[in-house]
Amino acid sequence: MWEEAPKTQVFGIQVYTFGIYCAVGVIFAVSAMLLLSRLEKFKKGTGILLCFLSILFGVLSSRVFFCLLGTFASDGVPLSMWTAISGGGWTLFGIIPGVFAAAVLTAVFTGENRGNLLDVSAISLPLVIAAERFGERLFEGFDISRQLTKGGFPEGTFLGVRDSYYEDVS
């Protein structure tokens, strides 16, 4: 485990406190999707399928976006690291296209209105995002994605952040 990260004991197992925030966000989003699916009177099983595919595609899309952007923004993410989920990161904005793709695919599988499923996803997704952002506030510098290439864009602009501990790192 990363030593600087806040940790919490859950049933005798040490876990990242940040992960608890993310899990709570997912639980709230799934609950909202199921509730809204019932209120919209979707076919039986549509809400569960939407939740399952949203989690699956959200996670996959988040990792793919992280690896692709790491390839362009720095020295890259080796292909062997793409599947090493504990050896890298994720992108928060990467879950958005994944969840929306899940809504579209759920519409194809169930025959439900795509717009309605996208609405349910768009209403539920901010719950995950809010919980994740609250979790990031637990420790300083966690929400900074990756080191920038020395002398490359956006270093030296308002888009780049200089590390407070390592002065030569942006």
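Count residues from 1 along the sequence. Side chains included, hydrogens not; waters and symmetry mates left out as well; all remaining heavy atoms used.
For A101, the side chain to side chain contact (heavy atoms under 4.5 Å, CB included) partners at least two apart in sequence or on another chain are F57. The side chain to side chain contact (heavy atoms under 4.5 Å, CB included) search around A32 returns S124, L127, not counting sequence neighbours. For the side chain to side chain contact (heavy atoms under 4.5 Å, CB included) test, residues two or more places apart in sequence or in another chain that qualify with I20 are T8, V10, V15, V24.
The side chain to side chain contact (heavy atoms under 4.5 Å, CB included) with S121 is formed by just one residue from the set V99, T106, V104; it is V99.
Between D119 and L36, the closest side-chain pair of non-hydrogen atoms is not below 4.5 Å. Here the side chains of I129 and I96 are in contact, with some heavy-atom distance below 4.5 Å.
In this structure, the separation between CD1 on I95 and CG on L60 is 12.5 Å, given to the nearest 0.5 Å. Distance OG/S62 to CD/E132: 9.0 Å, rounded to 0.5 Å. With rounding to the nearest 0.5 Å, the separation of CD in E40 from CE in M33 is 13.0 Å.
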Going through the distances and angles, do F42 and N113 end up as a side-chain contact (heavy atoms from CB on, under 4.5 Å)?
CA-CA 9 Å; F42 289 149; N113 183 293; 5.9 Å; no

Evaluate the criterion side-chain contact (heavy atoms from CB on, under 4.5 Å) for residue pair L50 and L34; output intermediate values, then yes/no.
CA-CA 9 Å; L50 177 61; L34 292 173; over 6 Å; no

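Within a 6.0 Å sphere centred on CZ of F93, heavy atoms belonging to other residues, nucleotides or ligands number more than 12. Within a 6.0 Å sphere centred on CD1 of I48, other residues, nucleotides and ligands contribute 12 heavy atoms or fewer.
Note on I27: it does not cluster hydrophobically with F134, by side-chain heavy-atom contacts below 4.5 Å among ILVMFWY residues.
Under a 3.5 Å cut-off, the side chain of K43 and the backbone N or O of T110 do form a donor-acceptor pair.
The minimum heavy-atom distance linking A29 with V128 is given by the pair CB-CG2, 3.4 Å.
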